[in-house]
Protein chains: 2
Amino acid sequence: MLTKAATSELSNLLGDRLSVSKSDLDAHGGSETHFAAAPPDAVAYPETTEEVSQLMKICHAHGVPVIGYGAGTSLEGHTSAIHGGLTVDFARMNRVLEVNQGDMDAVVQPGITREALNRDLRATGLFFSVDPGANASLGGMAATRASGTTTVRYGTMRENVLGLEVVMADGRVIRTGTRARKNSAGYDLTSLFLGSEGTLGLITELSLRLHGQPEAVSSGICAFERMEDAVEAVVAVIQMGLPMARIEFLDADAVRAVNAYSGTDVVEQPHLFVEFHGSDASVAEDAARFGEIVADFGASGVEVATKPEERTALWTMRHHAYWACLGLKKGATAVVTDVCVPISALAQAVEETRADIADSIIEGPILGHVGDGNFHAILLVDPGQPAELDVAKSLAARMNERALRLGGTVTGEHGIGIGKLAYMDAQHGHAWDVMSDIKMALDPQGILNPGKLTKPR
Amino acid sequence: MLTKAATSELSNLLGDRLSVSKSDLDAHGGSETHFAAAPPDAVAYPETTEEVSQLMKICHAHGVPVIGYGAGTSLEGHTSAIHGGLTVDFARMNRVLEVNQGDMDAVVQPGITREALNRDLRATGLFFSVDPGANASLGGMAATRASGTTTVRYGTMRENVLGLEVVMADGRVIRTGTRARKNSAGYDLTSLFLGSEGTLGLITELSLRLHGQPEAVSSGICAFERMEDAVEAVVAVIQMGLPMARIEFLDADAVRAVNAYSGTDVVEQPHLFVEFHGSDASVAEDAARFGEIVADFGASGVEVATKPEERTALWTMRHHAYWACLGLKKGATAVVTDVCVPISALAQAVEETRADIADSIIEGPILGHVGDGNFHAILLVDPGQPAELDVAKSLAARMNERALRLGGTVTGEHGIGIGKLAYMDAQHGHAWDVMSDIKMALDPQGILNPGKLTKPR
């Protein structure tokens with residue numbers, strides 16, 4: 001709760017960059033998925049780390065909940081202000097502060113989106129690799145330990161963030177990591193804040209690892225008669241050590257959704273969307289080896305896109321898949337799942353999930369970053385039909401239990417938020433207590449994004 | 001302090017696997033470098049996680065310090081029992097528990113050494129990549145977030161550990177991470193324990209990422225007239241994005257030491273030792289491109305080793321370099337430094353360090369994993385001459401200050417222990433307080449490896 005006294009102090013600090021307009025509150029209380037709206041009491045738009053530190057001190061003194069906000073693309077209700085309080089929107093802290101070409105790194109503010117960052121980097125020959133599909137903010141991607149289509153080659157946020165500046169619950173400003181490539185100086189606080197979902201501090205600056213733009217890029221798609229063939233082809237490709245830059249799976253329903261949304265005419269069968277990065281020679285060699293492997297699994301309709309505009313069209317199609325799937329059912333919202341399993345268990349996990357959805361009353365296209373063992377079912381529900389939401393939630397529960405049974409995780413990249421809280425105990429046991437002990441040590445009042453990730457107090 | 005009551009309980013638990021023999025205590029209280037001996041009161045040799053949990057509960061109940069012990073190869077006094085207590089030697093927990101070839105991972109106990117692990121893996125076509133030179137234990141490598149010669153290609157322990165089993169200060173057993181390749185389920189406890197140097201828990205099991213043995217390997221060395229040319233050649237190679245598997249620097253003194261120790265006759269000039277991994281074609285192409293780049297910096301004497309026995313001889317030479325350097329000065333011990341800087345600052349960091357040592361009364365060969373911006377000066381001192389130790393410590397202090405000034409870290413891979421404690425405040429500021437808060441939350445009695453890494457209480 002934001003008291004009058006706290007509001008007045010925040011207003012003195014931020015002037016008209018503290019908003020209590022209903023439209024602003026509503027815009028920050030929604031969710032991309034099925035969670036009920038939970039708007040904050042006010043929204044702050046700080047412009048400097050010093051302002052973030054000052055507003056944290058005010059909220060700390062008054063016991064006001066504080067929720068960090070980037071682009072609002074998270075999928076597990078991470079930014080819902082379920083206990084009210086102040087949402088801190090980093091839209092105005094969106095600059096690239098440094099690009100160090102020789103060191104292949106950059107220092108950015110948390111509000112910049114990955115697309116804006118890569119536009120800025122274009123002339124340098126470097127790029128930032130983590131690509132969750134949505135045009136997320138870098139601060140949000142760090143807070144959820146995001147990954148995406150290129151992770152199979154370049155890693156998740158964990159592998160691509162060198163250091164952070166963080167404002168702690170009491171307003172102290174700390175720096176973690178350095179710009180050096182390695183660092184053994186004490187606890188790895190960078191990794192601790194990556195994936196902490198705003199519950200341990202607010203990220204105000206990030207040092208990012210960049211990669212050289214590949215000399216040559218080649219993308220392609222291919223179709224399979226049966227879903228299990230597609231998935232088993234992926235397992236074979238990964239186990240052969242082929243250096244895939246992207247290897248994405250879409251089932252027939254997802255392809256149908258994408259066709260309807262993007263006006264394309266891809267044959268409505270299970271597909272792999274792939275990409276190779278390297279030299280002209282290596283890309284051609286990798287694509288040829290890929291073609292040989294997937295042919296063994298009955299792949300057909302192999303189409304290769306080497307022109308930039310064709311590749312862009314292909315990946316735009318993939319990136320819009322979530323909204324395309326929502327379009328399959330009029331007025332639908334979704335329960336989005338995000339399991340990740342060891343690659344040897346991928347075929348079983350996908351097939352059992354597919355069968356389970358087929359036996360239910362709802363639709364649920366499946367797609368995912370299968371090279372990492374990570375896939376999503378987009379479980380489509382009518383928000384006016386609670387029975388459908390119940391069915392979706394039980395399907396999701398069985399997917400999560402299956403993932404744990406197969407040695408995997410209930411979330412490969414979306415995070416916990418409020419949506420996965422119910423699985424933390426099953427996945428972590430005593431380790432969840434340890435997380436909650438750390439939360440208590442660093443945010444004893446529990447004002448940072450309360451109700452998310454750690455044990456309810 | 002180990003009380004009689006605690007000793008009796010531990011003895012009931014472990015029988016003759018609790019040792020209080022002087023030779024055992026002395027063997028566990030020493031150090032590879034200049035730190036004074038500090039033996040524990042007893043040494044435990046557990047065989048199971050359950051025993052580790054039980055012994056922790058006993059020590060927790062009696063307030064006894066507990067120090068984890070692997071192969072004893074750490075360089076910053078990590079295992080010194082400076083407050084007495086119980087050293088837990090993991091020598092009997094040294095098994096490979098699982099190798100999952102399809103998933104390219106393995107589950108091992110902490111006491112296994114990296115050489116033993118790779119011998120076990122040989123027939124699988126897989127290998128564990130982290131190579132700190134010394135034949136360290138995997139538990140110790142995890143506890144110090146170790147890295148080494150192949151990190152430029154395959155990463156540090158951070159990138160190669162998927163999950164851990166840890167016994168906490170109160171004896172609870174937790175599991176972090178999963179065998180899945182990605183995981184966004186809550187705080188990254190795996191990363192928190194990696195590099196925690198036994199101050200937050202005892203690692204009793206590790207899930208490790210493995211890599212496919214490369215189809216082709218080619219190693220080589222080349223000499224430079226001037227040290228700065230060698231270092232600048234490295235910077236150029238890294239900035240060109242050449243996929244080096246190893247790129248190691250040895251200055252003329254280090255080469256002289258290695259020749260004397262290994263009976264080789266490498267020309268006593270600054271050298272790079274390099275390695276390429278890939279297909280026959282890519283390795284040849286990479287080596288050729290490397291040759292062209294270093295030629296621009298005046299490289300000469302390029303020798304290529306493609307036969308396994310030649311490569312083994314080359315890397316054995318490099319791995320023995322520390323002991324070779326000690327051999328340069330009769331009866332010497334060493335202050336070993338470990339700075340890591342952004343690659344663009346590497347030439348300046350190395351050159352200023354070289355000049356500083358040259359102006360001093362002591363010798364200090366320089367070598368390092370320069371592809372990561374990480375290098376070591378082995379500062380040689382006569383243990384009977386306190387003045388030399390003082391000189392070495394001031395040289396090390398200036399190296400550390402220089403590294404921080406250049407945006408780097410005081411330790412790239414060795415860790416803090418007791419040797420780098422004095423630099424934690426300068427490197428981390430308030431972030432060191434945050435580390436100490438975490439320590440206090442997870443080990444409120446301060447019994448886990450007391451006096452290391454975190455703020456003295």
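Per chain, numbering begins at 1; letters A, B, ... match sequence-line order.
- Using modelled atom types, one finds a donor on one side chain and an acceptor on the other under 3.5 Å when comparing S147(A) with K182(B).
- Proximity to chain B is absent for every atom of V235(A), based on heavy atoms less than 4.5 angstrom apart.
- Contact annotation: the side chain of L192(A) approaches that of I438(B) to within less than 4.5 Å [non-hydrogen atoms, C-beta and beyond].
- In terms of heavy atoms, G186(B) sits closest to M424(A) at CA-CE, 4.0 Å.
- Looking at V166(B), neither its backbone nor its side chain comes within 4.5 Å of chain A, counting heavy atoms on both sides.
- If you tally non-hydrogen atom pairs under 4.5 Å between each of C340(A), G195(A), G155(A), A345(A) and chain B, the highest count goes to C340(A).
- When the candidates T199(B), L162(B), L194(B), D338(B) are compared by the number of heavy-atom contacts under 4.5 Å with chain A, T199(B) comes out ahead.
- Only the side chain of T454(A) has a heavy atom closer than 4.5 Å to any heavy atom of chain B.
- Only the side chain of N374(B) comes within less than 4.5 Å of a heavy atom of chain A; its backbone N, CA, C and O stay farther away.
- Ranking K420(B), H428(B), M440(B) against chain A, the residue ahead of the rest is H428(B), based on heavy-atom pairs under 4.5 Å.
- D433(A) is listed as a side-chain neighbour of R172(B), based on a closest heavy-atom distance under 4.5 Å.
- Between A185(A) and Q427(B), the shortest heavy-atom distance links the atoms CB-NE2, 3.7 Å.
- Using modelled atom types, one side-chain atom of R158(B) and one backbone atom of R158(A) make a donor-acceptor pair closer than 3.5 Å.
- Here the rule is side-chain contact (heavy atoms from CB on, under 4.5 Å) with T178(B), and of V410(A), L406(A), T409(A) only T409(A) fits it.
- In this structure, chain A has heavy atoms under 4.5 Å from both the backbone and the side chain of E413(B).
- Using a 4.5 Å cut-off between heavy atoms, K439(A) contacts chain B through both its backbone and its side chain.
- Contact of H369(B) with chain A is made through the side chain alone, with heavy-atom distances under 4.5 Å.
- Heavy-atom pairs under 4.5 Å with chain B were tallied for G201(A), P342(A), G102(A); the largest tally goes to P342(A).
- For I416(B), the parts sitting under 4.5 Å from any heavy atom of chain A are the backbone and the side chain alike.
- Checked by atom type and distance alone, the side chain of S184(A) pairs as donor or acceptor with a backbone atom of R145(B) at under 3.5 Å.
- Neither the backbone nor the side chain of M157(A) has a heavy atom closer than 4.5 Å to any heavy atom of chain B.
- With chain A as partner, the option from A431(B), A441(B), A281(B) having the largest number of non-hydrogen pairs under 4.5 angstrom is A431(B).
- Ranked by non-hydrogen atom pairs under 4.5 Å with chain B, the options L189(A), L404(A), T156(A) are led by L189(A).
- Closest approach of A180(B) to G408(A), counting heavy atoms only: CB-CA, 4.1 Å.
- Interface remark: of the candidates I238(B), N100(B), L200(B), D105(B), L200(B) forms the most heavy-atom pairs closer than 4.5 Å to chain A.
- Paired with Y187(B) under the rule side-chain contact (heavy atoms from CB on, under 4.5 Å), one option of S196(A), S191(A), S436(A) passes, and it is S196(A).
- Here the CD-OG distance, from E285(A) to S279(B), works out to 6.0 Å after rounding to the nearest 0.5 Å.
- The candidate from H211(B), H414(B), Q239(B), R181(B) with the greatest count of non-hydrogen atom pairs under 4.5 Å with chain A is Q239(B).
- The CE atom of M168(B) sits 7.5 Å away from the CG atom of D437(A) when rounded to the nearest 0.5 Å.
- Only the backbone of R175(B) comes within contact range of chain A, with at least one heavy atom under 4.5 Å from a heavy atom of that chain.
- At a 4.5 Å heavy-atom cutoff, the contact between V341(B) and chain A is made by backbone atoms alone.
- With a 4.5 Å cut-off on non-hydrogen atoms, L442(A) touches chain B through its side chain but not through its backbone.
- With a threshold of 4.5 angstrom between heavy atoms, M435(B) approaches chain A through its backbone and through its side chain.
- Counting only heavy atoms from C-beta outward, the side chains of V434(B) and T176(A) never approach each other to under 4.5 Å.
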